[in-house]
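Following: one structure in structure tokens, then a few remarks.
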Protein chains: 2
Amino acid sequence: MPKPDRQPLGVDLARTAKAATRAFDDALAAAGGSRPVWLILISLKTRAMANQRELAEAVGIQGATLTHHLNAMESAGLITRRRDPANRRVHLVELTAAGDTTFHALRTAAVEHDRRLRDGLSDADQAELARLLARLRENVAPA
Amino acid sequence: MPKPDRQPLGVDLARTAKAATRAFDDALAAAGGSRPVWLILISLKTRAMANQRELAEAVGIQGATLTHHLNAMESAGLITRRRDPANRRVHLVELTAAGDTTFHALRTAAVEHDRRLRDGLSDADQAELARLLARLRENVAPA
DNA sequence: GTCAATCTGTTAGGTGTCTATCGGTTTCGG
DNA sequence: CCGAAACCGATAGACACCTAACAGATTGAC
């Protein structure tokens, strides 16, 4: 029998990521936040970042995009930015009390989303999926 | 030993899709096109679409977004739009000769990209990946 | 037969991302 | 020490995507 002529792998991957991202966006919006804000908050919370460049890399976006979000978050009172006295090129980004409150609200939504996403997948399934995704990333990594 | 506290599944998925999409974008750009244009062309080529709504669904975008791309593609001379005489609400979208030429150029790039993406994955790996991705889509599907 | 509901596609406005470029700051070679 | 290079973050402009609201065309209930 001829092979079933599947969907190109990239299309399948993109559709899945789009659906999952959309569901996550909705969950975070219902909790009063957004995906980029959540990623920034959790990065700031889990370990201190030396500078914005490092923070951008942790979040997986470009520095210019991060600036955009930090501006909005600063206006919303979630973070503060101040010059590092030791190196005046660097901006130190710090969570405010409001930022901390938002972090906890979004964490609840994020944990619930991850639980939903993993539903019905054994530990072995999850490990296998992580392995396959890692391989895909290697395959498309720039030479 | 404690479990290694992996990356949330959604983050892993999003990062992989972003990297793969980016690589695909670059490949298509080098061939003189773009990802949305490619998806529209292949949808039009593989089977006739009854209307734009169906086309948008095949591509995986909203109708309004499709309109945007069709406007650009019409300006670029890749497609033509005309009213269906049988139902004047419907726009019939058709490829021009230039659209067909672009389609073939992009197909070469797309096939090469898919080959690169699958590199090192056995048929069993690919089937397993497709199964796992399908499960994730089910998990996040709206109730 | 007429008018409201529905269907199709467009327009308007907003978000998130990118690249390219710039201004301010530090470092370091000569 | 001083000026070029490197570094950090911000700004400008662009693109793809979304939702909401709209206009033209058709259908169908009365």
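Per chain, numbering begins at 1; letters A, B, ... match sequence-line order. These figures come from a predicted structure and were not determined experimentally.
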Open item on the list: Looking at B:Arg135 and A:Asp119, is there a salt bridge between them, counting it only when a charged N and a carboxylate O are closer than 4.0 Å?
Closed with: yes
- [ ] Can you tell me which residue pairs pass the side-chain hydrogen bond (donor to acceptor under 3.5 Å, both in side chains) test with a partner in residues 73-88 of chain B, sequence neighbours excluded?
- [x] B:Asn71-B:Arg81, B:Glu74-B:Arg81, B:Arg82-B:Glu94, B:Arg83-B:His91, B:Asn87-B:Arg89
TODO: Specify the residues of residues 77-88 of chain B, ordered by number, for which at least one heavy atom lies under 4.0 angstrom from an atom of DNA chain D.
DONE: B:Asn87, B:Arg88
Task: Pairwise salt bridge (Lys or Arg N to Asp or Glu O under 4.0 Å) hits with a residue in residues 97-110 of chain B, at least two apart - done: B:Lys45-B:Asp100
Task: Set of salt bridge (charged side-chain N to carboxylate O under 4.0 Å, His left out) partners for B:Arg22, sequence neighbours left out - done: B:Asp26
Open item on the list: Angle between the two end axes of the helix from C:dG1-D:dC30 to C:dG30-D:dC1, five base pairs per end, rounded to 10 degrees?
Closed with: 0°
Task: From CA spacing to verdict: salt bridge (Lys or Arg N to Asp or Glu O under 4.0 Å), B:Asp125, A:Arg131 - done: CA-CA 10 Å; B:Asp125 282 340; A:Arg131 181 184 75 79; 3.0 Å; yes
- [ ] Run through the side-chain heavy atoms of Ile, Leu, Val, Met, Phe, Trp and Tyr, join any pair under 4.5 Å, and report what else lands in A:Val111's cluster.
- [x] none
Open item on the list: Within the structure provided, determine whether A:Arg35 and A:Leu39 are in side-chain contact (heavy-atom separation under 4.5 Å).
Closed with: yes
Open item on the list: Any base atoms under 4.0 Å from B:His69, or only sugar-phosphate, or nothing? Heavy atoms, all strands.
Closed with: sugar-phosphate
TODO: Please identify each residue that fulfils salt bridge (charged side-chain N to carboxylate O under 4.0 Å, His left out) with A:Arg47, with sequence neighbours left out.
DONE: none
Task: Single-linkage hydrophobic cluster B:Leu9~A:Phe24, side-chain heavy atoms < 4.5 angstrom - done: no
Open item on the list: Quick check: on DNA chain C, is the nucleotide nearest A:Ser34 upstream (toward 5') of the one nearest B:Arg22, or the reverse? Name the residue that is more 5'.
Closed with: A:Ser34
Open item on the list: Below 4.0 angstrom, which residues in residues 57-67 of chain A have at least one non-hydrogen atom near DNA chain D?
Closed with: A:Ala64, A:Thr67
- [ ] Would you check if the side chain of B:Thr65 reaches a backbone N or O of B:Ile61 as a donor-acceptor pair within less than 3.5 Å?
- [x] no
Open item on the list: What is the first contacted nucleotide of DNA chain D and what is the last, in 5' to 3' order, if contact means an atom lying under 4.0 angstrom from a heavy atom of chain A?
Closed with: D:dC7 to D:dT19
Open item on the list: I'd like to check B:Leu136 versus B:Leu132 (side-chain heavy atoms, cut-off strictly below 4.5 Å). Are they in contact?
Closed with: no
Compile the donor-acceptor pairs under 3.5 Å between side chains in residues 49-57 of chain A and protein atoms, sequence neighbours left out, one pair per line.
| unit_1 | atom_1 | unit_2 | atom_2 | d |
| --- | --- | --- | --- | --- |
| A:Asn51 | OD1 | A:Arg53 | N | 3.1 |
| A:Asn51 | OD1 | A:Glu54 | N | 2.9 |
| A:Glu54 | OE1 | A:Ala50 | N | 3.2 |

TODO: On DNA chain C, reading 5' to 3', which nucleotide is the first and which the last to sit with an atom under 4.0 Å from a heavy atom of chain A, could you check?
DONE: C:dG16 to C:dT26
Open item on the list: Measuring only between side-chain heavy atoms, which start at C-beta, is A:Ile40 closer than 4.5 Å to A:Ile79?
Closed with: no
Open item on the list: Would the distance check show the side chain of A:Arg137 and the main-chain N or O of B:Ala19 forming a donor-acceptor pair, the cut-off being under 3.5 Å?
Closed with: no
Open item on the list: Which residues end up grouped with B:Val90 if you chain together Ile, Leu, Val, Met, Phe, Trp and Tyr wherever their side-chain heavy atoms are less than 4.5 Å apart?
Closed with: B:Leu92
